[in-house]
Asker: 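Questions regarding the structure given below will be posed in turn.
As the structure is a prediction and not an experimental result, all values here were calculated from the model. The analysis underlying the following values was restricted to heavy atoms, covering all of them including side chains, and did not include hydrogens, waters or symmetry mates.
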Amino acid sequence: MTAPVFATLGCRLNAYETEAMRELASAAGVSGAVVVNTCAVTAEAVRKAKQEIRRLSRAHPGAQIIVTGCAAQTEPETFAAMPEVSRVVGNHEKMQPETWAGLAVPDLIGATERVQVDDIMSVRETAGHLIDGFGRHRAYVQVQNGCDHRCTFCIIPFGRGNSRSVPAGVVVEQIKRLVDRGFNEVVLTGVDLTSWGADLPGEPRLGDLVLRILRLVPDLARLRISSIDSIEVDPALMEAIGGEARLMPHLHLSLQAGADMILKRMKRRHLRDDAIRFCQETRRLRPEIVFGADIIAGFPTETEAMFEQSLALIEDCGLTFLHVFPFSARKGTPASKMPQVRGPVVKERAARLRAAGDAALARHLTAQVGRRHLVLVEGPRLGRTEGFAEVDFATDQPEGQIIEAVVTSHQGGRLRA
C-alpha cells in the first residue's frame, strides 16, 4: 500500500484541512493517489493549481489524481476537463469519511461520480473532523468556515459556503487535548474568524470564545488568533486583547485598501478612518501589539491618489507584516465587470506596497534589537516571538519550548538571538 501524496495551495485553513484529509484517507485505506488541495483566491491561484496538477501527474505516472479545495468547488468543470485528473471533490465532500471510503476503491466508482461537488451553500454545519496537532510545535484549530459577506472581488464564499461555527465546548475540549499533548501555542483559524458564533444559539462573539478558552484551559501558554475583520471585533475581544497576556499581541487585519471610494466599491464594511481608529485604540490597550494586513493593489477604478491612500495606511495604522495582492479579476465576481487598471500599473503598485512593507518590517525589527523576547522554538535554530517575528538562533534550542532570548541583530526579515 502506497500512502497518498498531498499537495496544498493557498491559505492556512487549506493546510489544516489537508492534514484532516490525510487522516481520513489513511483510515479509509486510500492508496496510490495524489491529492491536490487547491486555492481560488485569484485567477493566478487557479493557474498555479493546474500547473501543480500537471507536475504531479508527471512525477507520479499512473497515480489517481484527486483535485479538491476552493478552485475545485468553484470550477469543477475546469479540472474535470484535465486529462490528468481522476476525481474532482468539493470542499464539503473532502471532509466526509464516506468520500474517502469511495476513493479507496476507485474502480467501483462509475464515470458519473467522477465529479463529487455539491452545493456548498446548502451546508449548515462546520465539518466535525478535528485534528489533534497540525504543526509540530504550534497547533491550529479550525473554529469557523465559510463567509456571509459578498466583497465584490472575492470568490471564496462560493468555494466555502456560508459562515458556520464550531461550538465553543467542542473547541475548548480540542484545545485541552492539544495542551495535554504538549502544545504551547494554539492558533484559532477560519475563513471569516470574527463572524464566529453568529449561527450558534445565543449568538456568542469571538471575544466570548477567546475568554472562555483562556479561562477553561489555564495551562495553555499562548493563544493566537489569525486574520480578522477589524470592523467586526466585539468588546469582549478588545477586553481580551487589552487584559490577557496569554493572547498574543499580533493581529492580521483584512484591510484591503486605504481609500473610502475603493472600500465602498469592494463592498467592505469599514472605511479608512475605522481602520486607523481600531489600530490606535488597540495599541492604547496593548502598546506592544503588532499588526499585519492584507492590501490589494490596483483594484478596478483605483487612481494614483487612491493608491497613495493605501500606501499611507502602512504608516497611519502602524502596519508591520504586509500581504500584498495584485488585483486579479475572478470570473463571476462584480469586480471583474468594473473598469480595470492596466496590468503594468497593478504590478508597479504592488511592488511599491511591498517595498514600503519591507521598510516597515525592517524598522520594527531594528526596534527589537537589545530587547528580551519570549520565543516559541519551532526548529533547532528557529523560533517566533509573541509578536510573530521569526527568530534565528546562533545555537540549537529545545524545540517546542518557550524560551527567553535577547535579540542581537536582524537580517533577511528575521531577528537574530
Asker: Can you tell me if Thr408 uses its side chain to pair, donor with acceptor, with the backbone of Arg416 under 3.5 Å?
Answerer: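 Yes: the side chain of Thr408 pairs with the backbone of Arg416.
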
Asker: Could you walk me through whether Met238 and Leu285 satisfy the side chain to side chain contact (heavy atoms under 4.5 Å, CB included) test, starting with their C-alpha distance in whole Å, then the side-chain angles of each, then the deciding distance to 0.1 Å, before giving a yes or no?
Answerer: CA-CA 8 Å; Met238 293 299 283; Leu285 293 171; 3.6 Å; yes

Asker: Does Glu52 pair with Lys48 as a salt bridge, N-O distance under 4.0 Å?
Answerer: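 No.
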
Asker: Quick check against the 3.5 Å criterion: does Ser86 have a side-chain atom that pairs as donor or acceptor with the backbone of Ile65?
Answerer: yes

Asker: Under a 3.5 Å threshold, yes or no: a donor from one side chain and an acceptor from the other, between Arg268 and Ser254?
Answerer: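 Judged by distance alone, the side chains do pair up.
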
Asker: Tell me, with the steps shown, if Asp234 and Leu206 meet side chain to side chain contact (heavy atoms under 4.5 Å, CB included).
Answerer: CA-CA 7 Å; Asp234 60 280; Leu206 180 62; 4.2 Å; yes

Asker: Would you compute the distance between atom CG of Leu237 and atom CG of Leu193 and round it to the nearest 0.5 angstrom?
Answerer: 8.5 Å

Asker: Please determine, by modelled atom types, if Thr8 and Thr18 share a side-chain donor-acceptor pair under 3.5 angstrom.
Answerer: yes

Asker: Do any N or O atoms from the side chain of Trp196 and from the backbone of Pro204 form a donor-acceptor pair under 3.5 angstrom?
Answerer: no

Asker: Show the nearest heavy-atom pair for residues Leu322 and Gly357, with the distance to one decimal.
Answerer: CD2-CA, 3.9 Å

Asker: Should His373 and Glu404 count as side-chain neighbours, where that means a heavy-atom distance under 4.5 Å?
Answerer: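 The answer is no, as the side chains (C-beta and beyond) never meet within the 4.5 Å cut-off.
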
Asker: Is there side-chain contact between Ile295 and Gln256, with at least one heavy-atom pair below 4.5 Å?
Answerer: no

Asker: Just by distance, do the side chain of Ser26 and the backbone of Arg22 share a donor-acceptor pair under 3.5 Å?
Answerer: no

Asker: How many angstroms lie between atom CD of Gln142 and atom CD of Glu17, to the nearest 0.5 angstrom?
Answerer: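 CD of Glu17 is found 5.0 Å from CD of Gln142.
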
Asker: Is there side-chain contact between Phe388 and Met248, with heavy atoms separated by less than 4.5 Å?
Answerer: no

Asker: Using only atom types and a distance under 3.5 Å, with no angle test, would you say the side chain of Arg87 pairs donor to acceptor with the backbone of Ile66?
Answerer: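 Looks like no, no N/O pair under 3.5 Å.
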
Asker: Should His410 and Asp392 be marked as a side chain to side chain donor-acceptor pair (under 3.5 Å) after you check the CA-CA gap, both sets of side-chain angles, and the distance that decides it?
Answerer: CA-CA 9 Å; His410 70 88; Asp392 283 331; over 6 Å; no

Asker: Between Gln397 and Thr395, does any side-chain donor sit less than 3.5 Å from a side-chain acceptor?
Answerer: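 Yes, Thr395 and Gln397 have a side-chain donor paired with an acceptor closer than 3.5 Å.
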
Asker: Within the side chain of Thr189, is there an N or O that forms a donor-acceptor pair under 3.5 Å with the backbone of Tyr140?
Answerer: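 Answer holds: no.
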
Asker: Looking at the rings of Phe321 and His250, which for Trp means the six-membered one, are their centres under 6.0 Å apart?
Answerer: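 Yes, the ring of Phe321 comes within the 6.0 Å limit of the ring of His250, centre to centre.
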
Asker: Do Arg246 and Arg222 touch side chain to side chain, with heavy atoms closer than 4.5 Å?
Answerer: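 Sidechains of Arg222 and Arg246: no contact.
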
Asker: Can you name the nearest heavy-atom pair linking Ile53 to Val67, along with the distance?
Answerer: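 Distance-wise, the nearest heavy atoms are CD1-CG2, 3.6 Å.
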
Asker: Side-chain donor-acceptor pair under 3.5 Å between Ser163 and Ser195, yes or no?
Answerer: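 Side-chain D/A pair, Ser163 to Ser195: present.
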
Asker: Can you see which heavy atom on Val34 is nearest to which on Ala63, and at what distance?
Answerer: CG2-CB, 3.9 Å

Asker: Within the side chain of Asp229, is there an N or O that forms a donor-acceptor pair under 3.5 Å with the backbone of Leu253?
Answerer: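 Not a single qualifying donor-acceptor pair exists.
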
Asker: Determine, for Asp192 against Arg160, whether the closest basic-nitrogen to carboxylate-oxygen distance falls under 4.0 angstrom.
Answerer: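 Arg160 and Asp192: not salt-bridged.
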
Asker: Is the shortest side-chain N to carboxylate O distance from Arg164 to Asp199 below 4.0 Å?
Answerer: no

Asker: For Ala329 and Ala43, work out which heavy atoms get closest and say how close.
Answerer: O-CB, 3.9 Å

Asker: Mind checking the CZ-NE2 spacing from Arg269 to His149? Nearest 0.5 Å is all I need.
Answerer: 3.5 Å

Asker: We want to know whether Glu84 and Ser57 form a side-chain donor-acceptor pair, criterion being a heavy-atom distance below 3.5 angstrom.
Answerer: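 The answer is no; no qualifying pair exists.
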
Asker: Would you indicate whether the side-chain heavy atoms of Val377 and Ile402 approach each other to under 4.5 Å?
Answerer: no

Asker: Assess whether side chain to side chain contact (heavy atoms under 4.5 Å, CB included) is satisfied between Thr301 and Gln340, documenting all intermediate values.
Answerer: CA-CA 6 Å; Thr301 77; Gln340 304 293 304; over 6 Å; no

Asker: Just wondering, do Arg352 and Glu348 contact through their side chains at under 4.5 Å, heavy atoms?
Answerer: yes

Asker: Between the side chains of Glu281 and Arg283, is the shortest nitrogen-to-carboxylate-oxygen separation below 4.0 Å, so that they form an ion pair?
Answerer: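 No, no charged N to carboxylate O under 4.0 Å.
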
Asker: Donor-acceptor pair, Arg381 side chain versus Ala394 backbone, under 3.5 Å?
Answerer: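 Yes: the side chain of Arg381 pairs with the backbone of Ala394.
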
Asker: Kindly indicate whether the side chain of Val406, heavy atoms from C-beta on, has any atom under 4.5 Å from the side chain of Arg371.
Answerer: no

Asker: If you round to the nearest 0.5 Å, how far is CZ of Phe327 from CE of Met266?
Answerer: 8.0 Å

Asker: Judged by atom type as modelled, is there a donor-acceptor pair below 3.5 Å linking the side chain of Gln96 to the main-chain atoms of His92?
Answerer: yes

Asker: Would you please say whether a donor-acceptor pair under 3.5 Å links the side chains of Thr78 and Glu75?
Answerer: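 Their side chains do contain a donor-acceptor pair, which is all the 3.5 Å distance test asks for.
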
Asker: Going through the distances and angles, do Thr385 and Leu415 end up as a side chain to side chain contact (heavy atoms under 4.5 Å, CB included)?
Answerer: CA-CA 9 Å; Thr385 68; Leu415 298 172; 3.9 Å; yes

Asker: Can you confirm whether more than 12 heavy atoms, excluding those of Glu203, are under 6.0 Å from its CD atom?
Answerer: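 Not buried by this count: 12 neighbours or fewer within 6.0 Å.
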
Asker: Any cation-pi pair here, Arg265 with Phe153, using under 6.0 Å and within 45°?
Answerer: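 No, Arg265 does not sit over the ring of Phe153.
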
Asker: Report yes if the side chains of Val141 and Val143 come closer than 4.5 Å at any heavy-atom pair, otherwise no.
Answerer: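 Yes, their side chains come closer than 4.5 Å.
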
Asker: To the nearest 0.5 Å, how far apart are CD in Glu19 and CG in Asn37?
Answerer: 10.5 Å

Asker: Ignoring hydrogens and angles, tell me if any N or O in the side chain of Thr320 forms a donor-acceptor pair with the backbone of Leu361 under 3.5 Å.
Answerer: no

Asker: Mind listing the closest non-hydrogen atom pair of Gln401 and Asn184 along with its distance?
Answerer: CA-ND2, 4.0 Å

Asker: Which heavy atom of Ala72 sits nearest to which heavy atom of Val89, and what is that distance?
Answerer: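 The pair with the smallest heavy-atom distance is CB-O, 3.9 Å.
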
Asker: Just verifying a value: how many Å separate Leu188 CG and Gln144 CD, rounded to the nearest 0.5 Å?
Answerer: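 Spacing of CG (Leu188) from CD (Gln144) equals 11.0 Å.
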
